[in-house]
Amino acid sequence: MPFEPLQQEPRIQQRWMEAAAFKAPGAADLKPGDRTFYMLVMLPYPSGRIHMGHVRNYTLGDVVARFRRMRGDKVMNPLGWDSFGMPAENAAIKHGIHPAVWTKANIQEMKGQIQKMGISYDWDREIATCLPEYYRWNQWFFLKMWERGDVFRAMRNVNWCEALGTVLANEQVVDGKDERTGHPVVQKQLEQYFFAITKYADELLAGHDQLDWPENVKAMQRHWIGKSVGARLTFDLADGNQVQVFTTRLDTLFGVTFMALSTEHPFIVEAAKTDPGLQAFCDQVAAMSREDRLMSDIKLGYRSKLEAIHPFTGEKVPIFAANYVLMDYGTGAVMGVPAHDERDHAFAGKYGLPIPQVIESMDPWEPGILVNSGAFTGMTSEAAVEAMVEKLGGRAEKAVTFKLKDWGLSRQRYWGTPIPTIHCPDCGVVPEKAENLPVLLPEDVEFKGVGASPLTTSRSFLDCACPKCGKPSRRETDTMDTFVDSSWYWMRYLDPKNTEAPFARPEAEAWSPVDLYIGGIEHATMHLIYARYFYKIMRDLGLAPGDEPFTKLICQGMVLKDGFKMSKSKGNIVDPDEVIARYGADALRLFMIFAAPIEKEIDWTGFEGIEGATRFLRRATRMVEDHVPCKDPVPAKDQLTAEEKTLLVKVHQTLHKVTDDLSHRYQFNTLVSSLMEMANALADLPADAPHRGPVMQHALEVFTLMLSPAAPHLAEALWESLGHEGFCMHAAWPVAETSWLTADEVTVVVQVNGKVRGRIQVPAQATEEERRAAALACPEAQAHLAGKEIVKVVVPPGGKLVSVVVK
RNA sequence: GCCGGCGUGGCGAAAUGGCAGACGCGACAGACUCAAAAUCUGUUUUACGCAAGUAAGUGUCGGUUCGAGUCCGACCGCCGGCACCA
């Protein structure tokens, strides 16, 4: 049987499919004591073709899934399609293809490509988020969350293009213009729906402790959630109004010499009406794009006619509108303490405001001891905060602020889940009745890319009756952010055909949480925060057990070409399909896991790497070809030659290491190198070894089983050649025998003053004392010991080394 | 600026405090061949040496340890994320 992947792989895939070899059992089919393993990869967007990033992601996941299956675990390894979103709608506008048609064709194409890779997905559990059977549950969740008060409506800015009469996504806006037509884009307030994710901010932060996730992902989430502990403080204004500020440094209160409000703060907006200069300043700030605001670190302000009164000194403090104060963080107002805040310092310098010092410390921006602070002088910053809150009474309270914003889920687009609400002239916004779900996307729509969302062109969709009073009403035309789709999809895999609920509780209990989730680092914040949030909602709805959905997370590195991200526009794409057509799936899979550690980038500089993988697979094939299947048992240890024993030790040591790499360390590149080392050892067994038949048979069997997760097609072929029936992928993972983990004789390294001076062979069962004596007697060491006084001899646990210290 | 991570041959990398550079790629030499491809064998950190060998060596400096690529401290460099967050 020569190595002919192009002929063999499709045949083996066919056999797997016919045998339903990848099927995952439902909760009812699991027996007590069954170990389960849920292996999840991030579901793809059906853009048209798979790319190397997909190949890497799915290969890594498949290696784990296949290994676990062989270990005897019940394995859940599903895939689906994140199939709502803008590209489909853009294709409709550009080419006149309905998004559903475009999406379906892409799914078919990509599914075929993925199947050619031999990934062991249970395709019976496949889902597509754009199908009503799926998105009806998005609507169901929305209604449940509405009931619980987790949904609210509020005004929020959108990117509005007057010329097109449409809302644009952030990615479509470049330099304040529509990237397609160049028409200007402005901010416009629209009333939209929000999920109150900030309710869970503290729990989302605390949950990290129980997660086996990369440190950088946790750090990114921590930063994104952005918890700040401080105080809210109310200032009286000279005109009798009150304004509230948030500060993390209440202790610096005596250093306040001005107050800065966002140009969008209600008081500033009001004051600008009678102050043309202020109005002009606000307009100027509003006209700056987000990038410009970030680029220029120049602090700009305009002194309004408003004044605040310092709560302790009673002094009047000027109020500025300032470009560095954000309306959507804290209260949109800050107390300016130029001596102890870098930004306030810059601002005060520019506008000639006094800079009184009120804290003594090494670094002016850090806490310390209070000075010039009335009764609080001499206190530590920490104590002063407590004392001031006390003294200020109802005027101040300790407070926490988050950077995390509530999740705006409204999109003014067609290709998404319709938000299940109705606008009644009498009752206002009313949720649709649960029994009327799904609210289906209508077919009678036009895609023009101009004007309001296509949904507003469908009479059949718009016209409805109010669920409360029955009056003729208008259906909501906003659709949901596609992040909603991907925030619970992995739970739907567990029960994909359920028509009564998103999934049944017993299925969730059987499989959740996910044991290992592999995907790209680009989802570190948005997707992985939304998914954690949704899981807590599912928990609180009584649907899901536990608190966190993904126990372990691995973010795989990107696949680059000559140092750059592969992209259509750069024209540097290496198409996985073409690689498979030339070298086969096994070679590509093997290369993907061997090329670099999982979280590092792989640079595809050429085909040398994959040719190396092919060489190895061919070599493995040849070893089996040259071997005559042998049913004799391996003779007892004392009958074997030294070379035969050496080989068997290598076999079991490799097995031990590979098992560890796959079950705990998730280090797949060393899995491959271990197999290569073992292949080299196999080649070293003399052709005339007396027990070559049984020893080789055993070694090749273990080798083939270990190869199976990485190169499953070839493993099946080799398994058959070795005289086995049934699938290699269903054979039991072998167990390393302790008696074969150490050779009869082991090498002991002799160090003198930390330098390696010699190596000696000792019997494996030699005692520490014998090792020590043998080491001191070894001639190479003797040369360095002569005439010196031995201070100490250390034999560390394991006894692989003797360390001699001399003076 | 803040947060996280990483610095090892020509290259991808390995080394779970215990023989630095496994394994692979590339390169060089040889075998087979009329020849090529494929395959096989050998060499491939640096310096000195014909060699056996000796010395140095994991970004830099210091520390802990019998022993440090690995742990601790300071610095240098690179990558990623966030970035006027009060």
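These figures come from a predicted structure and were not determined experimentally. A note on names: the letters A, B, ... follow the listed sequences, proteins ahead of strands, and every chain is numbered from 1.
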Nearest-angstrom distance from the residue atom [atom1] of [X] to [atom2] of [N]:
| X | N | atom1 | atom2 | answer |
| --- | --- | --- | --- | --- |
| A:I521 | B:rG80 | CD1 | P | 12 Å |
| A:I529 | B:rG81 | CD1 | C1' | 13 Å |
| A:M676 | B:rC23 | CE | C1' | 7 Å |
| A:H208 | B:rC3 | NE2 | C1' | 14 Å |
| A:E611 | B:rA37 | CD | C1' | 12 Å |
| A:E780 | B:rG53 | CD | P | 9 Å |
| A:E215 | B:rG81 | CD | P | 17 Å |
| A:D341 | B:rG1 | CG | P | 17 Å |

[N] to [M] separation - [atom1] atoms, rounded to the nearest Å:
| N | M | atom1 | value |
| --- | --- | --- | --- |
| B:rA15 | B:rG1 | C1' | 37 Å |
| B:rG18 | B:rA31 | P | 43 Å |
| B:rA27 | B:rC82 | P | 41 Å |
| B:rG57 | B:rC72 | P | 22 Å |
| B:rC2 | B:rG9 | P | 30 Å |
| B:rA20 | B:rA56 | P | 12 Å |
| B:rU41 | B:rU54 | C1' | 29 Å |
| B:rC40 | B:rC23 | P | 15 Å |

Base B:rC84 to side chain A:K299, donor-acceptor N/O within 3.5 Å cut-off:
yes

Side chains of [X] and [Y] in contact at under 4.5 Å (non-hydrogen atoms):
| X | Y | value |
| --- | --- | --- |
| A:V750 | A:E780 | no |
| A:R249 | A:D341 | no |
| A:H627 | A:R692 | no |
| A:L237 | A:I319 | yes |
| A:L353 | A:P318 | yes |

Taking the basic N atoms (NZ, or NE/NH1/NH2) and the acidic carboxylate oxygens, is any pair closer than 4.0 Å for A:R772 and A:E769?
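Answer for the salt bridge query: yes.
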
Is A:K299 paired with A:E342 through a side-chain N to carboxylate O contact shorter than 4.0 Å?
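Looking at A:E342 and A:K299, the cut-off is not met.
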
Can you give one letter per nucleotide of nucleotides 8-22 of chain B, 5' to 3': B if a protein heavy atom sits under 4.0 Å from the base, S if only from the sugar-phosphate, - if neither?
----BSSSB-BBS-B

Classify every nucleotide of nucleotides 59-64 of chain B by which part a protein heavy atom approaches to under 4.0 Å, writing B for the base, S for the sugar-phosphate alone and - for neither, in 5'-to-3' order.
------

Flag the pair A:F594 / A:F668 as yes when their ring centroid distance falls below 6.0 Å, and as no otherwise.
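Distance test on ring centres: not under 6.0 Å, no.
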
Could you check, using the six-membered ring where one of them is a Trp, whether A:F194 and A:W407 have ring centers closer than 6.0 angstrom?
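For A:F194 and A:W407, the ring centres are not under 6.0 Å apart.
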
Let me know, please, whether A:R757 or A:V672 comes out on the 5' side of the other along RNA chain B by nearest nucleotide.
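Result of the comparison: A:V672.
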
Using heavy atoms to find the nearest nucleotide of RNA chain B for A:K405 and A:N753 separately, return the residue whose nucleotide is more 5′.
A:N753

Got a sec, which residues hit side-chain hydrogen bond (donor to acceptor under 3.5 Å, both in side chains) with [X], two or more places apart in sequence or on another chain?
| X | answer |
| --- | --- |
| A:Y302 | none |
| A:K199 | A:D150 |
| A:R156 | none |
| A:D212 | A:K552 |

Chi-based syn or anti call at B:rG9, which uses purine or pyrimidine torsion atoms and a 90° bound:
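That one's syn.
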
Could you write out RNA chain B as a dot-bracket string, with dots for unpaired bases, | for bases paired across to another strand, and Watson-Crick or G-U pairs counted at under 3.5 Å?
(((((((..(((.....[....)))((((((.......))))))((((....))))..(((((..]....))))))))))))....

Of all pairs that satisfy side-chain hydrogen bond (donor to acceptor under 3.5 Å, both in side chains), the ones with a partner from residues 599-618 of chain A, not counting sequence neighbours:
A:Y583-A:E611

Among all residues two or more places apart in sequence or in another chain, which pass the side-chain contact (heavy atoms from CB on, under 4.5 Å) test with A:P354?
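Applying side-chain contact (heavy atoms from CB on, under 4.5 Å) to A:P354 gives A:T257, A:P356.
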
Can you name the residues that form a salt bridge (charged side-chain N to carboxylate O under 4.0 Å, His left out) with A:E397, not counting sequence neighbours?
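Counting only residues at least two positions away or on another chain, A:E397 forms a salt bridge (charged side-chain N to carboxylate O under 4.0 Å, His left out) with A:R232.
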
Listed in order of residue number, which residues of residues 220-234 of chain A have a non-hydrogen atom at under 4.0 Å from RNA chain B?
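Those residues whose heavy atoms fall under 4.0 Å from RNA chain B, taken from residues 220-234 of chain A in numerical order, are A:M220, A:H223, A:S228.
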
Evaluate the criterion side-chain hydrogen bond (donor to acceptor under 3.5 Å, both in side chains) for residue pair A:Q761 and A:T747; output intermediate values, then yes/no.
CA-CA 5 Å; A:Q761 293 293 120; A:T747 305; 2.7 Å; yes

Compare every heavy atom of A:M623 with every heavy atom of A:L682, then report the nearest pair and how far apart it is.
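Taking A:L682 first and A:M623 second, the nearest heavy atoms are CD1-CE, 3.5 Å.
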
Scan A:N680 against the nucleic acid and name what it touches under 4.0 Å (heavy atoms): base, sugar-phosphate only, or nothing.
sugar-phosphate

Collect all protein-nucleotide pairs involving nucleotides 39-41 of chain B in which both atoms are nitrogen or oxygen and the distance is under 3.5 Å.
from, atom 1, to, atom 2, distance (Å)
B:rU39, OP1, A:R618, NH1, 3.2

